[in-house]
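Worksheet: one structure, shown below.
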Amino acid sequence: MLSKRIIPCLDVANGRVVKGVQFVDIVDAGDPVEAAIRYDEQGADELTFLDIRASHENRDTLYHMVTEVAEHVFMPLTVGGGVKALADIENLLHAGADKVSINTAAIFNPEFVRQAAERFGSSTIVVAVDAKRVDNDNPGRWECFTHGGRKPTGIDTVEWAKRMADYGAGEILLTSMDADGTKNGYDIPLTRAVSEAVPANVIASGGVGTLEHLAEGLRDGKADAVLAASIFHFGTHTIAEAKAYLAGQGIPVRL
Amino acid sequence: MNNMTGLIDYGMGNMHSIAKALERAGGEVRWIASPEELQQVQRIVLPGVGAFRDCVQALERTGLGEAIVEQVRAGVPFLGICLGMQVLMDVSYEFGEHRGLGLIPGAVKPFPASHPERGFKIPHMGWNDVVLSSGRGSHPVLAPLAGRQVYYVHSYYCAPENPQHLLAACSYGDFPFAAAIGRDNIVAVQFHPEKSQKAGLAMLESFIRWHP
């Protein structure tokens, strides 16, 4: 049976792992290769690296980091942050990434996603969607935001996710900007609305504070995978603990 | 005795990951971009990510396709991975109809239309089982995978005509498909051993030691 995936997410800047609390107080939190090896040993199913600075001057540093990580761990690697052109994707794949995450560039130029999927294959293209609730009625309505949740786009999140899947995105990395950083759990109605609407795989993101939240995202949100940063990064729980808990809840995971 | 593994480099796929994984599994790797170079290796690995048509065209253009068929017929141990498995078939129905290398009779077909309400999504992506065929005892290259999960990413699957060529199976939802196929000195897998952590490295190690 296909296992639900547990994906630790590492924010990187200048080739180093960094950790901030809601985009402030960003501190150097270590060597990406060491972090990747630690998660590999704990049984992570994939790794996601997001370059939070994504400045053009530092692109080579990111490529070098991806190559280093890919030489040490043998599992799928997704890399995102500042991906704007087909050449960016090609460079990341060449460096050793298996999948590339497109965020803001998809909003500004949806055709870019179609071109990327045609050129590199759907299984390589992840579209990251940052959603914010704009209507509290049941089941609710969400809009896509850019710039870390500051700029509204007027685009309905569920419709957008469907369109991106239609254009060839193999995965939707769905982050609730309302839940992100709160540790109160994923936005379950949002996750379920998108999971049920799109034929692509959905990764739930934003808000994890407990192992129960992971179970909720997979069971109630119907996500195919769950992404979390701080509960793994600060050592609150290991991946192995998370999987043991999920298995106990009857959720299929790779042990 | 030399035991050099030739990694077919035709400008597609994650060559770097496969080369590193083969080395980690104890292999010596040479990147092969021409038919002449293929004469100098004792094993062949054909990786692949992307579209079937592009892959077959690249193999034709470089002359590598013909050279691979020749070496495989001469008994050189061969491992195909993902698209490198699918191109062994007679024909693929990915974006039209395209001929493959024809080393394993059968076709490459798409998964049936997805059913989001049943959680059946395309591509089939993630960690899933490898159920080894039990007929004549499990295949020596695949044996280390018993009871373990491996990483799959694909929207199409191989349907071999001869059930004897099915070496292992997997199910996506309630839909069974070929996880591994092969015959004689050919073994080919739909999953990515180079992305399957310890299980994948163990399989690559057994391929490097395989004497069919």
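Worth knowing before you read on, the calculation uses all heavy atoms, side chains too, and leaves out hydrogens, waters and symmetry mates. We name chains A, B, ... by the order of the sequence lines, and we start the count at 1 in each one. Fair warning: this is a prediction, and the values are worked out from it, not measured in the lab.
Under the 3.5 Å distance criterion, the side-chain polar atoms of A:N201 are matched with a main-chain donor or acceptor of B:P123. Remark: side-chain polar atoms of B:K121 are not paired, donor with acceptor, to backbone N or O of A:D224 under 3.5 angstrom.
Within 6.0 Å of CD in B:E23 there are more than 12 heavy atoms belonging to other residues, nucleotides or ligands. For CE of A:M1, the number of neighbouring non-hydrogen atoms (other residues, nucleotides, ligands) closer than 6.0 Å is 12 at most. Within 6.0 Å of the CZ atom in B:F175, the count of heavy atoms belonging to other residues, nucleotides or ligands exceeds 12. Remark: A:E241 CD is packed, more than 12 non-hydrogen atoms of other residues, nucleotides or ligands lying under 6.0 Å away.
To the nearest 0.5 Å, atom CG of residue A:L2 and atom CD of residue B:Q149 are 8.0 Å apart. For the atom pair A:F74 CZ and B:S17 OG, the distance stands at 8.0 Å (nearest 0.5 Å). Taking CD1 from B:I122 and OG from A:S123, the interatomic distance works out to 11.5 Å, rounded to the nearest 0.5 Å. Put simply, CZ on A:R119 and CG on B:D54 are 10.5 Å apart, with the number rounded to the nearest 0.5 Å.
Contact of the B:E194 side chain with the A:M75 side chain is not registered, since no non-hydrogen atoms from C-beta on lie closer than 4.5 Å. In this structure, A:H94 and B:H16 have side chains that are not in contact, with every pair of non-hydrogen atoms separated by 4.5 Å or more.
Only the side chain of A:E171 comes within less than 4.5 Å of a heavy atom in chain B; its backbone stays farther off. For a residue to count as touching a neighbouring chain, one of its non-hydrogen atoms must lie under 4.5 Å from one of that chain's; by this rule A:A44 touches chain B with the backbone only. No part of B:H154 comes within reach of chain A, as not one of its non-hydrogen atoms sits under 4.5 angstrom from that chain. Heavy atoms closer than 4.5 Å to chain A are found nowhere in B:R148, neither backbone nor side chain.
Between B:R24 and A:H72, the shortest heavy-atom contact is NH2-O, 3.8 Å. When every heavy atom of A:R5 is checked against every heavy atom of B:W127, the shortest pair comes out as CG-CD1, 4.3 Å.
In terms of heavy-atom pairs under 4.5 Å with chain B, the best-connected choice from A:A200, A:G96, A:A70 is A:A200. Note on B:A21, B:G173, B:S171: by heavy-atom pairs under 4.5 Å with chain A, the leading option is B:A21. Between chain B and the residues A:S122, A:P76, A:A165, the largest count of heavy-atom pairs under 4.5 Å involves A:P76. Ranked by non-hydrogen atom pairs under 4.5 Å with chain A, the options B:K20, B:K198, B:Q197 are led by B:Q197.
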